[in-house]
Amino acid sequence: MIRVALVVMPFVSSRGPLLGVSQLVSVLKERGYDATVKYPALSFAAAIGLSRYERIAERAESLVGEWIFARTAFPNRCFDLEDEVYLGEIVPRYGYDEEEIAELGRIRSEAGVWLDQLAAQPIWETFDVIGFTSSFQQTTASIALAVRLKRRLPRLRIFFGGANCEAEMGETLLEICPYLDGVCSGEGEVSFPKMIENTIEARQGWNKRNNTEKPKEEKTLSGKEGRGESGFVDLDALPFPDFGHYYGALREELPGIDPRQTFLKFEYGRGCSWGSHSHCTFCGLNGASMVYRHKSPERAVEELVSLEQYPARSVLVADNLLDRRAIREFLPRVEKASLRLRFFFEVKATLRKEEMAALRRAGVRRVQPGIESFSTEILRGMRKGSRGIDAVGFLKNALRENLAVTWNMLCGFPHEPLTEYEEMIELLEAVRHLPPPVGLFPVRIHRFSPFFREPERFGWGRIRPLRQYAAVFPFSEEVLERLAYFFEPDFAPESLASPQRRKTREIAKRMRDAIERWKIEAAHGGSVLFGIPEKRDGEEKITIWDRRFGRGGEEEQGEEITGLEAKILIMADEPIHQQRLEERLRGEGWRSEEIAKALARLSSRQWLLLRDGSCLSLVMDWQGGKVEEAPVAEAIFRARLKALTGEGIQGT
């Protein structure tokens with residue numbers, strides 16, 4: 001029986017198993033192979049310290065994790081970017097201080113010894129095939145171990161697969177690593193078993209014939225063979241992923257980690273339900289195919305039930321985006337199953353109140369919406385299919401449903417109107433009672449994205465791999481262009497000091513400062529803006545407590561509004577087209593001038609957001625129905641905002 005080891009090298013998060021190898025090991029077993037998953041990444045995390053390891057793993061774009069193993073992967077080769085320049089100019093941009101940078105040097109100096117000890121372990125002699133997964137910052141560590149194993153055990157067949165092996169990236173890996181027996185691109189459940197079969201059969205046939213000429217083997221495979229009629233892997237036919245190997249390694253390498261605090265992984269669909277018809281300009285995911293397909297809801301729930309055998313209760317859903325049909329067809333079945341699991345989903349920022357309530361009922365506790373900006377004009381340039389007012393409405397509903405939100409704001413798009421950022425800075429102050437973003441980040445150019453494929457069309461001009469690749473891979477610029485995933489515009493030196501770029505940097509700093517104030521305030525319970533709606537003698541009434549902008553103390557009474565203004569806030573609980581709202585109000589007998597005056601007053605108080613031709617109340621509603629409950633409502637909204645600003649998806 002062929003024995004196969006799937007190897008997970010640094011640097012990927014140690015906080016949970018990898019879904020790809022966990023799925024693949026089950027596929028291999030189903031096909032009759034004796035397969036296992038090895039996690040040297042956990043061993044290295046234990047060696048250098050878990051918190052330090054995770055900090056490196058989280059900052060993939062810095063390539064620090066690749067730099068640590070680069071010299072052991074490519075000894076005796078010259079690197080175009082000197083270590084002094086890389087550590088002195090580039091690494092500090094990713095939040096590393098002088099002490100941390102010095103520690104990185106120590107870690108790198110010990111990496112070779114760790115690799116030699118790892119490669120010398122007798123366990124490798126028991127395998128016939130080694131498959132390395134390469135995603136994020138795993139390439140140089142995987143190359144370094146693969147070289148050592150091949151030298152020690154030439155009979156081993158060694159393959160690479162994963163996100164870093166997609167298309168020409170994989171082909172380039174074969175060029176720079178001639179000892180590899182193959183690289184698998186695309187859906188590995190088909191390509192990797194087929195690669196093993198082809199290689200083993202070819203070599204066995206050659207040995208039996210004792211021919212003098214070695215047969216030629218296919219060294220790249222996309223996995224097109226063996227797919228279903230749709231041209232893709234039948235997701236319902238896949239066996240359940242096996243996460244047991246990870247938890248065994250966790251107990252051995254990091255016994256101090258509570259396995260209940262780790263994260264399981266789950267996949268409902270592949271591709272992107274939005275990107276299949278409108279590819280977001282900066283998104284480089286789904287290099288193989290953007291076409292969306294998913295498991296049947298029944299099959300998916302069966303897999304979720306199987307996850308309850310593991311100690312973790314938090315589940316990171318790997319889908320690029322939760323298809324809205326899944327909210328209707330899949331999540332009700334999850335709710336009915338009454339699982340102990342708690343979920344993280346990536347979702348669209350246009351979800352409505354009832355959809356987010358369905359997420360909560362199904363056990364979702366954290367979401368990552370594709371908000372990216374509060375500017376509809378900038379969002380339109382991203383092809384996001386959402387508006388700024390939708391994003392604010394999403395955050396409001398997230399706070400209402402007690403859903404933690406992880407989201408970012410992006411800047412630095414070509415030809416972006418800076419006036420939009422001025423307006424966003426004002427809006428940031430008005431929504432400080434809602435969950436804040438992680439931060440403001442410059443947009444990047446990722447391989448496979450529209451930005452990468454057509455940089456001139458989108459205003460980037462010529463692009464190049466991030467400068468740090470030259471500190472990690474000692475190859476020509478042409479090779480780096482085919483190997484890299486992260487790119488940047490190749491700006492002329494004089495453009496970096498242009499008045500436009502200076503103004504962009506200035507306004508970005510103001511945005512970051514405003515976001516930082518928002519985050520600090522939210523982490524301490526933050527601002528609140530809530531209202532208690534009632535009816536008195538058939539008339540709408542809302543008593544509003546506004547603690548933003550340093551207004552009022554806990555002893556201050558709420559402000560009561562009635563009639564038309566109260567009705568507007570109730571009708572605009574979610575984004576509503578202003579024209580439609582005015583038509584409904586006129587239908588109830590209100591005059592146009594009265595409506596205009598009420599809208600203007602509510603907008604001036606920043607209780608109502610007028611944007612994108614729509615209206616949205618910024619007031620959180622408290623449905624207790626009694627003004628006497630105001631202290632309770634205020635305490636709950638403050639505590640909820642503070643909790644939702646924290647990390648993790650634990651809890652109820």
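Just so it is clear, the model here is predicted, and its values are computed rather than measured.
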With a 3.5 Å distance limit and no angle check, can you tell me whether [X] reaches the backbone of [Y] through a side-chain donor-acceptor pair?
| X | Y | result |
| --- | --- | --- |
| E100 | D97 | yes |
| Q138 | M9 | yes |
| D390 | A349 | no |
| R512 | L440 | yes |
| Y469 | F487 | no |
| R387 | T376 | no |
| S276 | C272 | yes |
| W407 | P436 | yes |
| H279 | C283 | yes |
| Y39 | S14 | no |

How far apart are the C-alpha atoms of R52 and E99, what are their side-chain angles, what is the distance that settles it, and do they pass the salt bridge (Lys or Arg N to Asp or Glu O under 4.0 Å) test? CA-CA 12 Å; R52 187 174 295 112; E99 183 178 344; over 6 Å; no
Can you confirm whether [X] sits close enough to [Y] that some side-chain heavy atom of one is under 4.5 Å from a side-chain heavy atom of the other?
| X | Y | result |
| --- | --- | --- |
| T133 | L6 | no |
| R152 | W124 | yes |
| F448 | M169 | yes |
| W518 | V431 | yes |
| Y86 | V64 | yes |
| I371 | P437 | no |
| F343 | L316 | no |
| Q261 | R15 | no |

Kindly indicate, with the supporting measurements, whether the criterion side chain to side chain contact (heavy atoms under 4.5 Å, CB included) is fulfilled by V443 and E372. CA-CA 10 Å; V443 65; E372 326 301 3; over 6 Å; no
Less than 4.0 angstrom from a charged side-chain N to a carboxylate O is my criterion; do [X] and [Y] meet it?
| X | Y | value |
| --- | --- | --- |
| E110 | R106 | yes |
| D83 | R108 | yes |
| R464 | E478 | no |
| D513 | R517 | no |
| R432 | E429 | yes |
| D490 | R467 | no |
| E66 | R59 | no |

Give the C-alpha distance, both sets of side-chain angles, the deciding distance and a yes or no for side chain to side chain contact (heavy atoms under 4.5 Å, CB included) between Y179 and I143. CA-CA 10 Å; Y179 52 84; I143 289 173; 2.8 Å; yes
Are the ring centres of [X] and [Y] closer than 6.0 Å?
| X | Y | answer |
| --- | --- | --- |
| H446 | F451 | no |
| F74 | F475 | yes |
| F44 | F69 | yes |
| F11 | F136 | no |

CA sep, side-chain torsions, deciding dist, call: E166, Y485, side-chain hydrogen bond (donor to acceptor under 3.5 Å, both in side chains): CA-CA 10 Å; E166 285 291 325; Y485 181 78; over 6 Å; no
For residues [X] and [Y], report the shortest heavy-atom separation together with the two atoms involved.
| X | Y | value |
| --- | --- | --- |
| P417 | I378 | CD-CG1, 4.3 Å |
| A141 | P10 | CB-O, 3.4 Å |
| C78 | P474 | O-CB, 3.2 Å |
| T406 | Q368 | O-CG, 3.1 Å |
| T262 | L250 | CG2-CD2, 3.9 Å |
| V12 | L18 | CG2-CD1, 3.7 Å |

Can you tell me how far the [atom1] atom of [X] sits from the [atom2] atom of [Y], to the nearest 0.5 Å?
| X | Y | atom1 | atom2 | value |
| --- | --- | --- | --- | --- |
| R383 | H277 | CZ | NE2 | 12.5 Å |
| I48 | W114 | CD1 | CH2 | 9.5 Å |
| D116 | Q121 | CG | CD | 12.0 Å |
| I101 | L87 | CD1 | CG | 6.0 Å |
| T281 | I445 | OG1 | CD1 | 10.5 Å |
| L153 | F127 | CG | CZ | 11.5 Å |

Salt bridge (Lys or Arg N to Asp or Glu O under 4.0 Å) evaluation trace for E481 with R462: CA-CA 12 Å; E481 287 179 352; R462 185 180 183 277; 3.5 Å; yes
Given E61 and L466, is the side chain to side chain contact (heavy atoms under 4.5 Å, CB included) satisfied, shown in steps? CA-CA 9 Å; E61 193 180 284; L466 289 185; 3.4 Å; yes
So if I apply the salt bridge (charged side-chain N to carboxylate O under 4.0 Å, His left out) rule between R482 and each of E477, E175, E171, which one comes out positive? E175
For a side-chain hydrogen bond (donor to acceptor under 3.5 Å, both in side chains) check, start with the C-alpha distance between T350 and S386, then their side-chain angles and the critical distance, and finish with the verdict. CA-CA 6 Å; T350 53; S386 60; over 6 Å; no
Please list, chain by chain and in numerical order, all residues satisfying side chain to side chain donor-acceptor pair (under 3.5 Å) with Q468, sequence neighbours excluded. Y94
Check the angle between the aromatic planes of F132 and F160 and answer parallel, tilted or perpendicular using the 30° and 60° thresholds. tilted
Evaluation steps, side chain to side chain contact (heavy atoms under 4.5 Å, CB included), between M382 and L379: CA-CA 5 Å; M382 300 184 208; L379 288 168; 4.2 Å; yes
Give the intermediate values and the outcome of side-chain hydrogen bond (donor to acceptor under 3.5 Å, both in side chains) for residues S62 and W67. CA-CA 9 Å; S62 71; W67 176 83; over 6 Å; no
Report, as yes or no, whether the 6.0 Å neighbourhood of atom CD on E58 holds more than 12 heavy atoms from other residues, nucleotides or ligands.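 Result for CD/E58: enclosed.
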